[in-house]
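Each chain gets a letter, A, B and so on, in the order the sequences are listed, and its residues count up from 1.
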Amino acid sequence: MTKQKVLLPFNFKQLDQKALAFVAQSFTGQTDLKITLFHAYTPPPELGKGDAMDIPVMSKMRERLMSLHQEMTDQETALIKAVEFLVENGFPKDRVHHIFRPRKKDIASEIVKLVKEGRYQVVVLNHKPGKITRLFTGSTFYRVVGELKGVTACIVT
Amino acid sequence: MSAQDKIGMDIFKVVTRAIAESDSLDIMADHLTQLLAGFLDIKASTIFVLEPESKELEVLASYGLSHEYLNKGPIWADRSIGCLITGEPVVVGDVADTDRLQYPDDAKKEGIASIISLPIRFLGEDVGALRLYHREVWDISPRDLDYLLILAEIIGLSLMYTKLNIALYNIKATISDLHLGLEPFFKAE
């Protein structure tokens, strides 16, 4: 019986690898745990709208978009490898899952939505202070921590 | 790649429309890197934001580069290619024949043969960089470089608009919380 559900948003960066190692070390041995790795990818742009539809270069661009889909497949493969890392570190195979889906909103909203939908009790986040990109995209960490109630947040820095 | 024009007004129109019609900066930046790599038929594209105190270039969005290459280490504006020192675009036509790269071995391992780096500026200040990576030696045409410079300026406008938007949102959220906190003090006796 699953007593605790843990969500680990994963974006393939170094801090995400550190968070993965933290999960492997901290939750190992707990058989009533379910861990989910989550990555929300940006779907390819929609082309073919408006007066740009018929220009010759658009057909070339559509071909390139096929390779974008291949990139998405490669990303999911990398996410599955992260799942396999946890299995290799002692987690039962049926207790570790992954969710790989296109995002419709910003990352923080996608994480909050998934935590609520999936009723996760624990979310593992990473936070690097002083990141300048935060001024332009907002802080995923602060948004998630600010919007979730009754959820344990583990912070990897 | 020889110095023939690759970017026409049609491509420019599609790319700038992608910037103007997006309501999310990170999705816009992702789409822009995908579109640039696609239209120019190059390996990859990255948009960086500059940390003004440390002068580190942080990745805002990237397409076409491996996770290993993106995680190779911090990128310092004064040690990597140097377009933010000169304020002008820098064309590294052949990575095998330059000392401008901070991680030359990683670039070669990644399959990058040439890099173009353009400053992203706003009101005369550096805010980031746009980089394009090709798997072949690249001799970009002056007209394409001009188009990319204009695009970099549009990206700068978009970045600063979003930064202002987020700041205003945070101010609004703070004032709303403050207002709720002060309510008891304004109740009639």
Side-chain angles (χ1 to χ4, degrees), chain A residues 10-18 40-58 60-69 71-72 74-75 78-79 81-82 102-110 128 130-140 142-143 146, chain B residues 6-11 13-15 17-18 21-35 37-42 47-54 56-61 63-64 66-68 70-73 127-128 158-167 169-170 173:
Chain A
F10 196 79
N11 208 25
F12 309 103
K13 295 186 179 152
Q14 281 181 330
L15 266 185
D16 297 300
Q17 300 290 350
K18 204 171 169 185
Y41 65 88
T42 303
E46 286 178 21
L47 293 180
K49 288 180 182 175
D51 56 4
M53 268 186 78
D54 297 323
I55 59 173
V57 74
M58 291 303 279
K60 188 174 157 186
M61 187 62 204
R62 286 193 192 93
E63 284 172 27
R64 280 299 295 250
L65 282 181
M66 297 301 293
S67 72
L68 268 178
H69 291 289
E71 290 252 341
M72 301 304 158
D74 292 343
Q75 278 213 324
L79 189 65
K81 276 198 180 150
R103 53 187 278 206
K104 294 174 186 166
K105 299 178 185 179
D106 58 276
I107 297 290
S109 299
E110 295 284 345
K128 182 180 172 188
K131 275 193 71 176
I132 193 71
T133 46
R134 215 167 276 140
L135 287 180
F136 300 94
T137 58
S139 169
T140 300
Y142 283 115
R143 286 257 330 265
Chain B
K6 291 276 179 186
I7 304 174
M9 185 50 69
D10 292 327
I11 292 175
K13 207 189 290 185
V14 172
V15 170
R17 192 169 290 164
E21 291 181 352
S22 185
D23 59 357
S24 163
L25 179 71
D26 40 0
I27 292 178
M28 180 276 281
D30 280 341
H31 282 172
L32 191 57
T33 52
Q34 292 163 1
L35 286 170
F39 278 130
L40 296 175
D41 198 16
I42 56 175
I47 297 174
F48 293 93
V49 175
L50 176 70
E51 209 298 319
E53 288 192 17
S54 66
E56 182 182 350
L57 285 167
E58 292 179 14
V59 174
L60 178 67
Y63 168 75
S66 67
H67 298 304
E68 290 74 25
L70 289 170
N71 289 331
K72 63 191 177 299
V127 294
S158 183
L159 285 175
M160 297 315 284
Y161 166 77
T162 307
K163 187 177 171 185
L164 186 62
N165 211 8
I166 288 173
Y169 176 84
N170 290 336

Under 4.5 Å from a heavy atom of chain A, the part of [X] involved:
X: B:Leu25; value: side chain
X: B:Ala167; value: neither
X: B:Tyr63; value: side chain
X: B:Val127; value: neither
X: B:Ile166; value: side chain
X: B:Leu32; value: neither

Below 4.0 angstrom, N of the basic side chain to O of the carboxylate: do A:Arg103 and B:Asp26 qualify?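 Looking at B:Asp26 together with A:Arg103, the answer is yes, because their closest N to O distance falls below 4.0 Å.
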
Closer than 4.0 angstrom, basic N to acidic O: yes or no for B:Asp41 and B:Lys6?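 Salt bridge: no.
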
Determine the sole option in A:Gln14, A:Lys13, A:Gln75 for which the side-chain contact (heavy atoms from CB on, under 4.5 Å) test with B:His67 is passed.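 Only one of A:Gln14, A:Lys13, A:Gln75 forms a side-chain contact (heavy atoms from CB on, under 4.5 Å) with B:His67, namely A:Gln75.
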
Taking the side chain from B:His31 and the backbone from B:Val15, do they hold a donor-acceptor pair closer than 3.5 Å?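 Not confirmed, B:His31 side chain does not pair with B:Val15 backbone.
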
Please confirm whether the backbone N or O of A:Thr42 pairs with a side-chain atom of B:Asp30, one donor and one acceptor, at under 3.5 Å?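 No, the answer is negative, given that no donor and acceptor are paired below the 3.5 Å cut-off.
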
Contact leader toward chain A among [options], where contacts are heavy-atom pairs under 4.5 Å:
options: B:Asn170, B:Asn71, B:Val49, B:Asn165; result: B:Asn71
options: B:Lys163, B:Glu58, B:Glu56; result: B:Glu58
options: B:Ile27, B:Leu60, B:Thr162; result: B:Ile27

Could you look at A:Lys104 and say if it's the side chain, the backbone, both or neither that has a heavy atom under 4.5 Å from chain B?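 Backbone only.
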
Shortest non-hydrogen contact from B:Met28 to B:Ala18?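 Looks like CG-O, 3.8 Å.
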
Taking all non-hydrogen atoms of both residues into account, name the closest pair between A:Phe12 and A:Leu79 and its distance.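 Closest pair (atom of A:Phe12, atom of A:Leu79, distance): CE2-N, 3.7 Å.
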
